[in-house]
Number of protein chains: 2
Amino acid sequence: MTIEDAGTAPTRRTTLADVARQAGVSTALVSLVMRGAPGASPANREKVFRVARELGYVPDSRARALRQGRSQLLGVMFHVQQTFHADVIEGIYEAAEAAGYDVVLSAVTDSRSEDKAIGTLLADRCEAVILVAPTSSREWLAEVGGRLPTVVLVRHVRHPDLSVVRAADVKGLALAVDHLVGLGHTRIVHIDGAGSPSAEQRRRGYRTAMERHGLTPQIVRGGWAEINGSQAVDALLAGGGDLPTAILAFNDPCAMGALSALHRAGIAVPDEVSVVGFDDTHLAGFSHIGLTTVRQDAGLMARLAVARAISLIERSNGADEHGDGVVVPALVVRGTTGPCRR
Amino acid sequence: MTIEDAGTAPTRRTTLADVARQAGVSTALVSLVMRGAPGASPANREKVFRVARELGYVPDSRARALRQGRSQLLGVMFHVQQTFHADVIEGIYEAAEAAGYDVVLSAVTDSRSEDKAIGTLLADRCEAVILVAPTSSREWLAEVGGRLPTVVLVRHVRHPDLSVVRAADVKGLALAVDHLVGLGHTRIVHIDGAGSPSAEQRRRGYRTAMERHGLTPQIVRGGWAEINGSQAVDALLAGGGDLPTAILAFNDPCAMGALSALHRAGIAVPDEVSVVGFDDTHLAGFSHIGLTTVRQDAGLMARLAVARAISLIERSNGADEHGDGVVVPALVVRGTTGPCRR
DNA sequence: CTTAACCCCTAGAACGTTTTAGGTCGCGTG
DNA sequence: CACGCGACCTAAAACGTTCTAGGGGTTAAG
């Protein structure tokens with residue numbers, strides 16, 4: 001039956017008025033019942049429910065939001081190819097739902113810029129946006145922050161109109177360096193994140209930690225993707241000089257790429273070279289040997305971001321609510337690091 | 001300045017009426033200008049643009065959709081942790097934009113079921129939905145198809161209310177088996193997708209291809225994630241019997257998991273065991289050695305799905321428009337397969 | 001018998017757009 | 001002098017909800 005009328009008249013979706021007419025009541029009453037608000041007799045309540053189900057009525061979220069003056073929507077911009085972002089999104093959905101908000105995703109891809117992604121979120125009248133690892137300029141981010149409550153995730157940026165939730169990158173790299181030094185390594189190279197968000201912080205963390213140990217830092221250009229990690233290692237190998245004994249990658253995918261290149265070159269991990277990542281993407285836990293990495297708790301960061309976003313929405317007057325939420329990273333030792341043998 | 005008034009009065013977003021008032025014209029005229037429709041004098045056009053920019057006006061997509069009676073929206077349900085889906089989404093955005101449609105994403109996570117994901121797409125009044133690798137029952141999918149134009153991606157399901165875009169799974173597994181047999185392998189085991197969409201087809205493809213070569217199929221239970229691949233290999237190793245010389249995994253992540261477990265066990269790939277994946281996730285191209293795999297063209301499938309969805313929307317009367325779009329997979333030989341040495 | 005208090009219900013106005021149906025100019029043409 | 005015609009503009013009605021204000025009842029208290 002549903003199949004039947006679907007095939008014949010899929011033109012207009014059924015509306016509140018349709019249900020009201022069919023049930024012989026006013027639209028206001030149907031609205032009441034559908035929202036579970038008080039003020040309808042049990043008899044009518046039951047009848048409305050029955051008719052609504054029969055007609056397959058689903059409330060129109062746009063009309064609802066329009067009338068209510070608020071959308072209860074949290075906009076999330078993320079990069080679709082970043083594995084870590086997937087973990088964050090899981091957490092955001094969960095936290096938002098618990099707080100009674102809906103989530104609208106807007107992905108950044110090769111052909112879809114951050115500007116465009118944010119633009120649709122504005123047009124959708126989100127009440128706040130969470131930007132996961134944005135690469136846009138500080139100015140553009142500030143402009144977004146000027147328009148509506150904005151939480152920047154996983155990028156370091158200081159501005160009165162922006163809240164930030166991020167890991168203590170400097171601390172994270174210090175943990176990693178300390179770990180490697182503890183294993184006897186001295187020639188530790190950092191494959192950096194190039195222009196990625198928070199790459200600068202991680203470089204700094206690496207550099208100061210190295211210097212604290214009296215070691216000379218060496219940084220080679222990398223990036224956030226696998227390919228960057230493997231290319232960086234290829235460059236190191238081609239460089240001719242002797243290889244470092246440990247590699248500190250910008251993030252997990254980058255570390256995986258490095259692992260890949262090392263493997264291809266027949267270099268044993270961790271016997272000849274140790275490798276450390278960053279993020280603890282749930283990929284890192286499973287794949288090959290298990291990657292030693294610096295854990296950023298995606299779920300925790302997601303919860304903090306959502307909480308901050310909502311508090312910004314709710315008392316959206318008053319001056320300087322913005323501030324940073326910094327989560328402390330933790331070292332997760334797995335199989336890609338070992339004692340220095342050289 | 002923008003910073004200033006953002007801090008003080010972020011209450012209501014600026015509306016068409018605000019712009020109209022400020023520019024001293026009617027809302028209708030502002031609407032005209034913003035849409036680039038003809039019928040406004042150059043002078044007014046310029047003035048309206050200027051005022052709109054000053055006030056930071058962004059049209060409310062909900063109100064627009066409500067009035068127009070159509071949302072121009074394509075809903076996409078996907079699994080946020082599936083790497084292959086990310087590739088598909090890139091393609092969908094691109095194809096949809098080219099056709100003048102917007103995309104709304106609805107993710108499935110551990111805590112967010114497919115039902116819920118589809119529910120929000122319905123409430124958002126998408127004009128069609130694309131379901132990427134749904135695991136829901138055929139009945140539930142059919143019900144969705146009865147409500148609005150529905151394209152199922154990457155899952156085999158036959159129903160008059162559902163369009164399907166998928167790879168020729170049987171052909172794909174035949175390619176892989178032929179490749180391995182050509183390399184001299186005879187003991188080829190399939191780590192399957194358990195209850196995943198299209199797992200059944202791939203099992204069948206594997207089985208018939210093996211039998212065609214006069215070989216006896218052996219299937220062990222796997223799944224779509226890395227962990228499933230490595231657990232399956234662990235089980236094989238624990239089984240005590242001698243190891244197969246080749247492994248055919250359900251998909252790339254599963255294959256990566258298998259590689260991981262083999263590596264951990266000190267078994268050389270491809271010298272002792274060859275491994276083949278499925279999907280050609282862009283991960284497979286980079287990581288470790290490079291995975292030999294059966295390529296499903298994500299971009300092509302995305303384009304087909306979008307085209308089908310739009311054609312369903314546009315002549316959304318008439319009877320049996322639905323049908324299958326089957327793309328032919330291709331074998332991509334990389335480093336994880338080699339001649340049988342045993 | 002009035003008045004108040006409740007319960008259930010409905011009319012109608014919003015929300016921010018687009019669209020329809022005009023309305024007012026200025027100007028050229030019969 | 002009508003009159004028609006473009007070019008430009010606007011008032012007002014939609015779209016599908018929610019919400020405010022209030023209207024009938026019934027019952028209870030004064």
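Within every chain, numbering begins at 1; the chains are lettered A, B, ... in the order of the sequence lines, protein sequences first and strands thereafter.
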Does any non-hydrogen side-chain atom of [Y] lie less than 4.5 Å from one of [X]?
X        : Y        : result
A:Arg166 : A:Val154 : no
A:Glu114 : A:Lys116 : no
B:Val76  : B:Val103 : yes

message = Using a 4.0 Å cut-off on heavy atoms, which residues in residues 20-34 of chain A reach DNA chain C? List them by number, or say none.
response =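 Heavy-atom cutoff 4.0 Å gives A:Val25, A:Ser26, A:Ala28, A:Leu29.
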
Rounded distance (Å) that lies between atom [atom2] of [N] and atom [atom1] of [X]:
X       : N      : atom1 : atom2 : value
B:Arg67 : C:dT19 : CZ    : P     : 6 Å
B:Arg70 : C:dT18 : CZ    : C1'   : 14 Å
B:Leu66 : C:dC15 : CG    : C1'   : 9 Å
A:Asp60 : D:dG16 : CG    : P     : 8 Å
B:Leu16 : D:dA14 : CG    : P     : 19 Å

Under 4.0 Å: is that the gap between some side-chain N or O of [X] and OP1 or OP2 of [N]?
X       : N      : answer
A:Arg62 : C:dG16 : no
A:Arg35 : D:dC19 : yes
A:Ser41 : C:dC7  : no

Quiz prompt | Closest approach of A:Leu105 to B:Tyr93 (non-hydrogen atoms, all atoms of both residues) | solution =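 Smallest heavy-atom distance, with atoms named: O-OH, 4.4 Å.
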
* Asked: Which pair of heavy atoms, one from B:Glu94 and one from A:Ser111, lies closest together, and at what distance?
  ->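 Of all heavy-atom pairs spanning B:Glu94 and A:Ser111, the closest is OE1-OG, 3.6 Å.
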
ask   = Hey, mind stepping through B:His79 and B:Val132 against side-chain contact (heavy atoms from CB on, under 4.5 Å) and telling me if it holds?
value = CA-CA 8 Å; B:His79 292 242; B:Val132 187; over 6 Å; no

key: Proximal nucleotide (of C:dC9, D:dC8, D:dC9) relative to the A:Asn44 side chain   =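 Closest nucleotide to the A:Asn44 side chain: C:dC9.
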
Please classify the nucleic acid contact of A:Arg125 as base, sugar-phosphate, or nothing, using heavy-atom distances under 4.0 Å.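 If one applies the 4.0 Å heavy-atom cut-off, A:Arg125 turns out to touch the sugar-phosphate alone, with no base involved.
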
